[in-house]
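This report refers to the structure that appears directly beneath it.
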Amino acid sequence: MYIGVDCGTQSTKVVVVDIDGEAILGEASRPHRLVEGENGRREQQPQEWVEAFRGAFEEATGRAGVERRAIRAIGVSGQQHGMVALDAEGRPVHPAKLWCDTETAVHNAALVERLGGSSGCLERLGLVLQTGYTASKIAWLREVCPDAYRRIDTVLLPHDYLNFWLTGEKVAEAGDASGTGYFDTRTRRWRYDVFAEIAPELDPESVLPRLIDSREPAGTLRPELARELGLSSDVIVASGGGDNMLGAIGTGNIAPGIVTLSLGTSGTVCAYSPQPVRAESDMVANFCASHGGWLPLICTMNVTSASTLVRELFGLDLAAFGERLAAAPIGAEGVTVLPFFNGERVPALPHATASFLGLDSRNLTQANLCRAVVESATFGLRYGLELLGPLAAEASQIRLIGGGARSPLWRQMVADVTATPVICPQVTDAAALGAALQAAWCERRELSLNALCERLVHLDAASLAEPKAASVRAYETAYARYREALAGHHGVSVG
């Protein structure tokens with residue numbers, strides 16, 4: 001048996017996977033709180049991830065009904081970019097600042113300038129620093145909380161922290177490290193010179209975790225924790241990775257020709273590449289994959305987070321919200337939303353706020369507002385998809401994951417907006433499954449990752465959505481209106 005863990009923004013999920021039986025035997029999740037403050041501050045207490053893991057692990061293994069001694073390895077997926085700064089005792093010096101924290105936008109802009117602008121970032125890192133990456137969070141802590149900064153002994157990412165709790169080892173792997181802002185994504189090495197620009201008082205050789213290969217274990221379970229959890233003392237903890245990288249594994253997106261698109265709290269679009277990508281847009285992140293190769297990716301910050309705000313504004317449950325979506329026509333009778341409730345990363349608008357445009361006395365209905373926010377979140381993902389260039393244009397299929405993927409209407413919308421067939425894996429919460437597959441790949445040296453994906457990644461034929469010609473044309477008109485709104489309100493090129 002293999003355990004997959006996904007520590008996300010809203011909850012930590014645990015799955016129990018039987019590789020030889022080709023089945024997920026049990027799963028469970030536990031929520032954790034998101035602490036929001038002024039100026040875009042979004043933080044969490046790492047201890048809550050640990051407690052959520054304990055609860056979800058107990059329930060998932062109980063549901064699986066297996067002997068815990070049969071568990072061979074654990075893999076951890078984590079929300080990317082979060083800053084977990086620890087003191088010499090391994091305790092956080094400050095709450096973890098998350099990927100969606102935009103409080104550090106000014107610090108990010110200053111770092112980009114200090115590194116020589118976009119070209120300087122690309123030369124040193126293979127990508128351009130974005131607000132939300134770990135680098136600007138460290139710079140923020142240095143300026144705003146100098147006492148906490150002075151106590152830093154180690155800087156980890158969320159999944160690194162859970163690996164540290166599980167094993168006592170401070171390690172990192174290339175996929176998740178790609179989103180720190182002080183890692184060269186082409187050579188798969190820390191850039192100590194860039195880290196020195198961010199935190200000149202800290203010694204990167206001691207502060208940054210040891211880099212390991214994606215198929216290399218982070219370590220074995222701490223003996224006292226193994227006893228507490230009822231596991232063997234030789235249980236391996238795999239390298240793990242960022243949620244996007246392990247979500248790609250969990251959808252079988254480990255070779256060219258497939259796009260993984262996530263309709264989660266945020267939205268991501270990624271496609272596998274066997275070599276580093278130099279995209280035309282600075283907003284495309286040339287991340288490494290967590291199984292070798294690269295996973296160029298774009299991230300939008302407002303997907304189900306935006307639709308949930310509108311749904312809750314009207315006091316609707318999911319079923320009623322779905323009814324409103326279906327009741328409004330494509331284009332929401334002229335209503336356009338710029339759904340930037342959390343600022344935005346793609347396009348790069350960290351300080352943006354949301355706008356509802358085109359409202360008049362005839363189209364101001366619940367149905368149109370509900371549909372417009374979902375359409376606009378989807379248009380934002382198409383905008384990002386187009387930035388991937390040939391990797392997206394040559395894709396024959398989009399594999400849809402995340403909470404929004406459960407909606408048949410939203411699936412059809414993605415197919416029509418992108419003019420590409422869409423299908424869901426049977427497991428749409430793919431990061432936890434990807435973590436379990438990577439754990440098995442780490443422990444079962446005789447099996448290839450492709451063979452493991454063939455065993456466990458199954459597509460849901462009933463979810464297939466083929467683009468409809470009339471709808472594709474209608475969405476072209478609505479998408480053009482969305483791009484014009486971006487240009488008019490935020491100066492984003494329509495080209």
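Model, not experiment: these values are computed from the prediction.
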Enter the distance from [X]:[atom1] to [Y]:[atom2] here, rounded to the nearest 0.5 Å.
X    : Y    : atom1 : atom2 : result
D87  : I152 : CG    : CD1   : 10.0 Å
R41  : E36  : CZ    : CD    : 12.0 Å
F183 : R186 : CZ    : CZ    : 11.0 Å

Using the side chain to side chain contact (heavy atoms under 4.5 Å, CB included) rule, take L115 and E197 through it: C-alpha gap first, then chi angles, then the decisive distance, then the call. CA-CA 8 Å; L115 293 174; E197 294 281 353; 4.1 Å; yes
Has Q44 got a side-chain atom pairing as donor or acceptor with R33's backbone, closer than 3.5 angstrom?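 Pair found, side chain donor or acceptor close to backbone of R33.
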Measure the shortest side-chain to side-chain distance between V427 and I401 over non-hydrogen atoms and say whether it is less than 4.5 angstrom.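 Answer no - side chains too far apart.
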Can you tell me if Q80 and N244 form a side-chain donor-acceptor pair at under 3.5 Å?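 Q80 vs N244: donor-acceptor pair found between side chains.
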Between the side chains of S290 and Q438, is a donor N or O closer than 3.5 angstrom to an acceptor N or O?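 No - no donor-acceptor pair under 3.5 Å links their side chains.
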Validation row, ring centre [X] to ring centre [Y] under 6.0 Å:
X    : Y    : value
W99  : Y133 : no
H159 : W49  : no
W190 : Y182 : yes

Given H32 and Q10, is the side-chain hydrogen bond (donor to acceptor under 3.5 Å, both in side chains) satisfied, shown in steps? CA-CA 6 Å; H32 21 76; Q10 298 175 328; over 6 Å; no
Could you walk me through whether Y272 and W294 pass side chain to side chain contact (heavy atoms under 4.5 Å, CB included), step by step? CA-CA 6 Å; Y272 178 80; W294 283 263; over 6 Å; no
Can you list the steps and then say if V373 with L369 is a side chain to side chain contact (heavy atoms under 4.5 Å, CB included)? CA-CA 6 Å; V373 75; L369 293 180; over 6 Å; no
Mind checking whether F379 and Y482 have parallel, tilted or perpendicular rings, split at 30° and 60°?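 Judged by the thresholds at 30° and 60°, the geometry between F379 and Y482 is tilted.
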Apply the test side chain to side chain contact (heavy atoms under 4.5 Å, CB included) to residues V93 and L86: give CA-CA distance (whole Å), side-chain angles for both, the deciding distance (0.1 Å), then the verdict. CA-CA 6 Å; V93 303; L86 305 179; 6.0 Å; no
Working note: E386 + R483, criterion salt bridge (charged side-chain N to carboxylate O under 4.0 Å, His left out); need CA distance, chi angles, decisive distance, verdict. CA-CA 13 Å; E386 290 171 348; R483 294 295 301 269; 3.7 Å; yes
Kindly determine whether E443 and Y2 satisfy side-chain hydrogen bond (donor to acceptor under 3.5 Å, both in side chains), including the steps that lead there. CA-CA 9 Å; E443 198 266 340; Y2 298 88; 2.5 Å; yes
